[in-house]
*Asks:* 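Before I ask anything, let me first share the structure, which is written out below as structure tokens.
Values below: every heavy atom of this structure, side chains too, minus hydrogens, waters and symmetry copies. Just so it is clear: chains get the letters A, B, ... in the order the sequence lines come, proteins before strands, and each one is counted from 1. Predicted model only: the values in this text are computed from it and were never measured.
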Amino acid sequence: MAKHAVLSSGAKMWRCLPCVKSELRLDLTLACGQSFRWRETAEGHWTGVMGGRVWTLTQTDDSLWYHVYKNQDNRGEECDRKRKAGVAFQVENKPEKRSRVAVKEEEKPVAVTIGQDTEEEEETLRDYFQLNVKLVDLYREWGAADPHFRRIADIFTGVRMLRQDPTECLFSFICTSNNHISRIQGMVERLCQTLGAPLCQLDQASYYNFPSLSALADNSVEACLRDLGFGYRARFLQQSAKQILDTHGLQWLEGLRSAPYLQARDALRTLPGVGTKVADCVCLMSLDKAAAVPIDTHVWQIAKRDYNYTSGTAQKSITDKLHRDIGDFFRKLWGPYAGWAQSVSVIDEYLSACFCHVSYGLSAITTECFHPL
DNA sequence: ACGTGACCTTT
DNA sequence: AAGGTCACG
């Protein structure tokens with residue numbers, strides 16, 4: 001049976017990009033609640049689905065290593081993927097090839113053609129992690145403007161915003177309402193198992209693509225998801241998918257990437273189960289709206305505690321106006337990438353919450369979390 | 001515009 | 001009570 005790749009064993013083919021840890025910390029970025037589908041399958045090795053393929057990622061001091069599992073998917077997906085990638089490549093022409101094959105001394109070298117597949121995979125990775133955004137520069141700017149940011153910036157380095165698939169992001173975050181991370185992870189996993197196309201099996205784990213809009217829109221889906229423990233969110237998921245297909249079409253979500261932030265957010269809020277918080281998450285994490293600052297109870301507490309934030313009238317719950325005001329407050333403080341800064345500022349709160357509920361895979365994080373210095 | 005309660009399920 | 005949303009007053 002196929003196994004998860006491990007860099008040190010050299011049994012699988014690995015490639016890498018130059019990438020220092022101040023630009024990207026895989027563990028923090030993949031486990032801080034942006035995406036719910038990455039798992040630490042070996043120490044420092046993260047396996048998940050990206051662009052319809054299964055990947056294992058790991059990093060050394062100056063490199064991001066990746067392995068893409070082949071020999072897995074059905075022909076249709078594969079052809080579709082290549083067609084799309086072909087289009088993307090005409091737009092972005094990359095002359096230099098920085099990837100190379102990892103060959104440890106004690107192993108026999110593996111012959112590899114650095115071809116279109118490599119370029120394409122490298123581009124997928126750069127796009128997903130938004131590596132063109134210089135995080136080190138942003139950290140410096142946020143720190144210069146904000147003493148509280150400086151306090152945690154040295155511990156939680158390399159936390160960057162993923163550029164997720166909008167469909168996966170939207171339907172995952174509809175699951176987050178009134179919920180906690182460990183349960184959300186289980187729900188999203190069951191969602192993919194049940195409605196997504198199978199990709200491959202590694203050790204005891206099966207990997208699936210995220211379900212398509214049409215799969216989610218089917219009338220049978222609500223009952224199905226209720227059986228899987230989605231509760232009242234089951235109806236939101238099915239109805240939102242149906243509403244998108246019926247009134248907008250398949251490309252609508254992607255199209256919101258080129259809409260202004262507030263317009264995209266309002267569009268999302270017309271969907272059932274999507275309020276201000278979820279809409280902001282989708283805007284920030286999949287629609288290129290770096291200024292979107294999702295306001296939840298944690299962020300509100302932090303705003304009050306650390307930033308001495310007080311609304312005019314003492315409020316008990318987070319109203320529309322409070323969303324706007326706190327968002328504007330942080331945008332003024334941190335600038336156009338305020339949403340990115342916010343994900344760093346709240347990370348210790350979220351990881352602590354994780355630690356209460358999740359019993360695996362976070363040892364490295366919790367160690368840093370509870371023994372920062 | 002703001003406040004309240006219900007909503008599924010698990011800890 | 002959990003990383004909210006919706007439907008009411």
*Asks:* What is the distance from CD of Gln239(A) to C1' of dC6(C), rounded to the nearest Å?
*Replies:*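 Gln239(A) atom CD is separated from dC6(C) atom C1' by 12 Å.
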*Asks:* From the list dT10(B), dG3(B), dC8(B), which nucleotide is the closest neighbour of the side chain of His180(A)?
*Replies:*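 Minimum distance to the His180(A) side chain belongs to dT10(B).
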*Asks:* What is the distance, rounded to the nearest whole Å, between atom OH of Tyr232(A) and atom P of dC7(B)?
*Replies:*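 Atom OH in Tyr232(A) sits about 11 Å away from atom P in dC7(B).
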*Asks:* Of all the base pairs, Watson-Crick or G-U under 3.5 Å, which form stems of three or more consecutive pairs involving DNA chain C?
*Replies:* B:2-7 with C:4-9
*Asks:* What distance, rounded to whole Å, do you find between the two P atoms, one in dG3(B) and one in dG3(C)?
*Replies:*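 Per the computed distance, 22 Å lies between those P atoms.
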*Asks:* Mind checking if Pro272(A) touches a base, just sugar-phosphate, or nothing, with heavy atoms under 4.0 Å?
*Replies:*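 Sugar-phosphate: the residue Pro272(A), judged by heavy atoms under 4.0 Å, touches backbone atoms but no base.
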*Asks:* Does Lys12(A) make a cation-pi contact with Trp14(A), if we ask for NZ or CZ under 6.0 Å from the ring centre and within 45° of the axis?
*Replies:* no
*Asks:* In whole Å, what separates the P atom of dT5(C) from that of dT11(B)?
*Replies:* 23 Å
*Asks:* Taking 4.0 Å as the cut-off, does a side-chain nitrogen or oxygen of Arg226(A) come that near to OP1 or OP2 on dC8(B)?
*Replies:*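 Yes, within the criterion.
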*Asks:* In whole Å, what is the span from the CZ atom of Arg233(A) to the C1' atom of dC8(B)?
*Replies:*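 Computing the Arg233(A):CZ to dC8(B):C1' distance gives 6 Å.
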*Asks:* Measure from CG on Asp296(A) to P on dA1(C) and round the result to the nearest Å.
*Replies:*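 Distance, rounded to whole Å: 18 Å.
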*Asks:* Any protein N or O atoms within reach of nucleotides 7-9 of chain C? Criterion: under 3.5 Å, listing atom names and distances.
*Replies:*
none

*Asks:* Figure out the CD1/C1' separation between Ile295(A) and dT5(C), and round it to whole Å.
*Replies:*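 Rounding to the nearest Å, CD1 of Ile295(A) and C1' of dT5(C) are 17 Å apart.
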